[in-house]
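All values below were derived from every heavy atom in this structure, side-chain atoms included, with hydrogens, water molecules and symmetry-related copies excluded.
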Amino acid sequence: MILPVNTSMGQYNIVLERGSINNIDSYCDVNKKALIVTDSGVPSVYAQTVVSQFKDAIIKVIPQGEKSKSFDMYKELLETLNENAFSRYDCIVAVGGGVVGDLSGFTAATYMRGIDFINIPTTLLAQVDSSIGGKTAIDFGGYKNTVGAFYQPKAVIIDPDVLKTLDRRQFNNGLAESIKMASTSDAELFALIENADAYENIDTVIERSLKIKRSVVEEDEKETGLRRVLNFGHTAAHAIETATGLVDLLHGECVAIGMVPFSAPQVRERLKTVLLKYNLPCEITFSSDELLSTLRHDKKANAIGVNAVFVNEIGSFEFKFVEFSQLDEIIKEAYIK
């Protein structure tokens, strides 16, 4: 399946096809010099499979984990490009999860004012969410995605076969993002995840998640309106990641916890049942005061409060500005028994 995405930078295709990692030349120009960026947690066979299809390519392996989304690693990629005489006509190919994609995309956006970027996500989270939409970034000052750019890929190649090497925790981590999108925008997808086995229906889960995100991104590329719906759960999630030092929980696990306080009571119970079905957390392990403190640094916050996404009924959503005093009550109601 090929899903075209229309953006201000032009059109690109999302390819969703089993075995597509073996046929890169069918979807992008393999005659360009390519820097293949992957991380130490990604099976090396995936990067080797990709590099073997380009006429001129090198592999750069970065350490696994959120800490690689840093100025130091960004500088290291730039140095690699310079040392190997990459030009503005060459490309960067990300083979990995969200960290690899975010870092590689930001490097591509800024090297020589922008070179081609191809994303080949190998985690479920990246396949259903972070690999499309053009958000690229690195972390700064202990906060996520502080420095970044909107920069669209030339292609996103999604091969569900690569998910076979994911452990169950990483799979569930990505599934949290599909649950997020289903909660706000697709009641049928939510019911599928709720009542059937998401593992056995993963192609359908990926496809429906992609269609939600594509629709949102095409309407609101740079998050001035509708695209904020994709932040459901993220307002609290980014604060949770900061409070836990970006190490204790995976991103999707933080999103799972973060959806709970922004759901109506009847939605909350149904949501928590689904999250627990896939071993996703629902509670914070630190004080609500600490969470509120970090929430004040959210990109969507001002001195009074924060813009958030609420789900009052599965499949629909509401944007609401919440003052910090109200947020305190919401968080305590959701997490403190």
Are any of the side-chain heavy atoms of Ile179 and Val255 separated by less than 4.5 Å? no
For Lys277, is there an ion pair with Glu194 - N to carboxylate O distance below 4.0 angstrom? no
Measure from the side-chain N and O atoms of Asn201 to the backbone N and O of Thr204, and report whether any donor-acceptor pair falls under 3.5 Å. no
In the structure I gave you, are the side-chain heavy atoms of Glu207 and Leu16 within less than 4.5 Å of one another anywhere? yes
State whether the side chain of Thr184 and the backbone N or O of Met181 hold a donor-acceptor pair below 3.5 Å, judged by distance alone. yes
Check: Glu221/Ser8 side-chain N/O donor and acceptor closer than 3.5 Å: yes
Under a 3.5 Å threshold, yes or no: a donor from one side chain and an acceptor from the other, between Gln11 and Asn6? yes
Does a side-chain N-to-carboxylate-O contact under 4.0 Å join Glu333 and Arg268? yes
Does Pro4 offer a backbone N or O that forms a donor-acceptor pair with the side chain of Arg214 under 3.5 Å? yes
Are side-chain heavy atoms of Ile14 and Val5 found at a separation under 4.5 Å? yes
Any donor-acceptor pair under 3.5 Å linking the side chain of Thr80 with the backbone of Glu76? yes
Atom pair NZ (Lys55) and CG (Asn31), whose distance is rounded to the nearest 0.5 Å: 4.0 Å
Approximate separation, where rounding is to 0.5 Å, of Ile330 CD1 and Glu323 CD: 11.0 Å
With ring centroids as reference points, do Tyr151 and Phe117 lie under 6.0 angstrom apart? no
Would Tyr74 and Phe106 satisfy ring-ring contact (aromatic ring centres under 6.0 Å, His included), going step by step from the backbone distance to the final call? CA-CA 8 Å; Tyr74 168 59; Phe106 182 60; 4.9 Å; yes
Is the shortest side-chain heavy-atom distance between Asn84 and Leu35 below 4.5 Å? no
Please say which of Thr123, Thr122, Val37 ends up in a side-chain contact (heavy atoms from CB on, under 4.5 Å) with Val42. Thr122
Between Ser20 (side chain only) and Ile157 (backbone N and O only), is there a donor and an acceptor less than 3.5 Å apart? no
Closer than 4.0 angstrom, basic N to acidic O: yes or no for Lys135 and Asp102? no
Pairing of Asp129 and Lys180 as salt bridge, 4.0 angstrom limit: yes
Between Lys320 and Asn307: side-chain donor-acceptor atoms closer than 3.5 Å: no
Is there a donor-acceptor contact under 3.5 Å linking the side chains of Asp328 and Ser325? no
Are Arg208 and Glu188 ion-paired here, with the side-chain N under 4.0 Å from a carboxylate O? yes
Is the closest side-chain donor-acceptor distance between Glu66 and His251 under 3.5 Å? no
Would you say Asn173's side chain and Gly252's backbone share a donor-acceptor pair under 3.5 angstrom? yes
I'd like to know if the side chain of Asp116 and the backbone of Cys91 have a donor-acceptor N/O pair within less than 3.5 Å. no
Shortest non-hydrogen pair, Ala94 vs Gly101, comes out as CB-CA, 4.0 Å
Would you indicate whether Glu313, at its atom CD, is surrounded by more than 12 heavy atoms from other residues, nucleotides or ligands within a distance under 6.0 Å? no
Distance col, row Arg88:CZ vs Met112:CE, nearest 0.5 angstrom, shows 8.0 Å
Joint hydrophobic cluster, Leu276 plus Val267, side-chain heavy atoms closer than 4.5 Å: no
Less than 4.0 Å between a side-chain N and a carboxylate O, is that true for Asp203 and Arg18? yes
Show the nearest heavy-atom pair for residues Met73 and Pro63, with the distance to one decimal. CE-CD, 3.5 Å
Heavy-atom donor-acceptor pair, Asp139 side chain to Ser70 backbone, under 3.5 Å: no
Mind telling me whether Tyr199 and Phe171 have parallel, tilted or perpendicular rings, with 30° and 60° as the class edges? tilted
Going by atom types only, do Glu241 and His234 share a side-chain donor-acceptor pair under 3.5 Å? no
Does the side chain of Thr235 come under 3.5 Å of the side chain of Asn231 through a donor N or O and an acceptor N or O? no
Kindly write out the residues that satisfy ring-ring contact (aromatic ring centres under 6.0 Å, His included) with Phe86, not counting sequence neighbours, or none if the list is empty. none
Give a yes or no on this: more than 12 heavy atoms of other residues, nucleotides or ligands lie within 6.0 Å of atom CD of Glu79. yes
Shared hydrophobic cluster for Val217 and Ile132 (ILVMFWY, side-chain gaps under 4.5 Å): no
Separation of Leu249 CG from Cys254 SG (nearest 0.5 Å): 4.5 Å
Crowding at NZ, Lys60 (>12 non-hydrogen neighbours, <6.0 Å): yes
Cluster check Phe150, Val216: I/L/V/M/F/W/Y, side chain < 4.5 angstrom: no
Any donor-acceptor N or O pair under 3.5 Å, side chains Asn312, Glu318: yes
Leu230-Ile193 co-clustered via ILVMFWY side chain contacts under 4.5 Å: yes
Rounded to the nearest 0.5 Å, what's the gap from CD1 on Ile36 to CZ on Phe54? Could you check? 5.0 Å
Testing the 3.5 Å rule here: is there a donor-acceptor pair between the side chains of Asn22 and Gln53? no
Would you confirm whether Ser131, through its side chain, and Ala126, through its main-chain N or O, come within 3.5 Å as a donor-acceptor pair? yes
Take atom CZ of Phe319 as the centre, draw a 6.0 Å sphere, and report whether it contains more than 12 heavy atoms from other residues, nucleotides or ligands. yes
At what distance, to the nearest 0.5 angstrom, does OG1 of Thr165 lie from CG of Leu163? 7.5 Å
Check for a donor-acceptor pair, side chain of Ser263 on one end and backbone N or O of Met259 on the other, with a separation under 3.5 Å. yes
